A.B. asks: 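Here you go, one structure.
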Amino acid sequence: MAERPEDLNLPNAVITRIIKEALPDGVNVSKEARRAISQAASVFVLYATSCANNFAMKAKRKTLNAGDVLAAMEEMEFERFLEPLREALEVYKKGQKGKKEVSEQKRKDKEKKADSENDKSREEEEEEEERMEEEPEAENEAEEEEVEN
């Protein structure tokens, strides 16, 4: 478990992308400033996680949920971020619901295809059995004709 900011190293590419998106074009950021922002982000993540964990523990849960994080943000006095976080959470939930629906539809389509293929296989097996039954009858008839002659 990461207990110190140094233990949590956020990917440099992610930090750089966030910095670029937050600043206007043409603004440069030194390596030292990028490192400082990365460390600050690590401290923030650790603090927010710790606060959210406290809410989960009070509720006698071991799993943090979105409500814990929102409560932690309020406790940390980041109220101005609550509404954007709620909106982002809604977008995420809708995206997950859409993925779930797509996944469920794919599963149903696979089942239909498998059932269809099984039906075809059964039909082919039944036809083969019928042919096999007909062949001995035809052979028996031919043998009976030879015996009679």
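Computed from a predicted structure; not experimentally measured.
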A.B. asks: Mind checking whether Leu85 and Val91 sit in one hydrophobic cluster, side chains of I, L, V, M, F, W, Y counted as touching below 4.5 Å?
C.D. replies: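 Looking at the clustering, Val91 is in a separate group from Leu85.
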
A.B. asks: Charged N to carboxylate O below 4.0 Å: is that the case for Glu104 and Arg107?
C.D. replies: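 So Glu104 pairs with Arg107 through a salt bridge.
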
A.B. asks: Applying side chain to side chain donor-acceptor pair (under 3.5 Å) as the test, list every pair that has at least one member in residues 71-87; sequence neighbours left out.
C.D. replies: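 Qualifying pairs, neighbours excluded: none.
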
A.B. asks: Answer yes when Glu21 and Arg17 have at least one side-chain N-carboxylate O distance shorter than 4.0 Å, and no when they do not.
C.D. replies: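 The answer is yes: the pair qualifies as a salt bridge.
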
A.B. asks: Tell me whether Ile19 is reachable from Val14 by hopping between hydrophobic residues (I, L, V, M, F, W, Y) whose side-chain heavy atoms are closer than 4.5 Å.
C.D. replies: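 No; tracing contacts between hydrophobic side chains, which count when under 4.5 Å, never links both residues.
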
A.B. asks: So does Glu32 have more than 12 non-hydrogen atoms from other groups sitting under 6.0 Å from CD?
C.D. replies: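 No.
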
A.B. asks: Please check if the number of heavy atoms outside Tyr92 that lie under 6.0 Å from its OH is greater than 12.
C.D. replies: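 No.
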
A.B. asks: Looking only at heavy atoms, what is the nearest atom pair of Arg34 and Val29, with distance?
C.D. replies: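 Smallest interatomic distance, heavy atoms only, reads NH1-O, 3.7 Å.
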
A.B. asks: Can you tell me how far the CG atom of Leu10 sits from the CD1 atom of Ile37, to the nearest 0.5 Å?
C.D. replies: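 Rounded to the nearest 0.5 Å, the CG-CD1 separation comes out at 12.0 Å.
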
A.B. asks: Yes or no on ring pair (Phe, Tyr, Trp, His ring centres under 6.0 Å) for Phe78 and Tyr47, after CA distance, side-chain angles and deciding distance?
C.D. replies: CA-CA 12 Å; Phe78 281 96; Tyr47 184 49; 8.3 Å; no

A.B. asks: Distance-only check: which donor-acceptor pairs under 3.5 Å involve side-chain atoms of residues 49-64, not counting sequence neighbours?
C.D. replies:
{"residue": "Thr49", "atom": "OG1", "partner": "Val45", "partner atom": "O", "Å": "2.7"}
{"residue": "Arg61", "atom": "NH1", "partner": "Thr63", "partner atom": "O", "Å": "2.8"}
{"residue": "Arg61", "atom": "NH1", "partner": "Asp68", "partner atom": "OD2", "Å": "2.9"}
{"residue": "Arg61", "atom": "NH2", "partner": "Asp68", "partner atom": "OD1", "Å": "2.8"}
{"residue": "Arg61", "atom": "NH2", "partner": "Asp68", "partner atom": "OD2", "Å": "3.3"}

A.B. asks: In chain order, what residues pass the side-chain hydrogen bond (donor to acceptor under 3.5 Å, both in side chains) check against Asp109, with sequence neighbours excluded?
C.D. replies: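 If we apply the side-chain hydrogen bond (donor to acceptor under 3.5 Å, both in side chains) test to Asp109, skipping adjacent residues, the hits are Gln105.
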
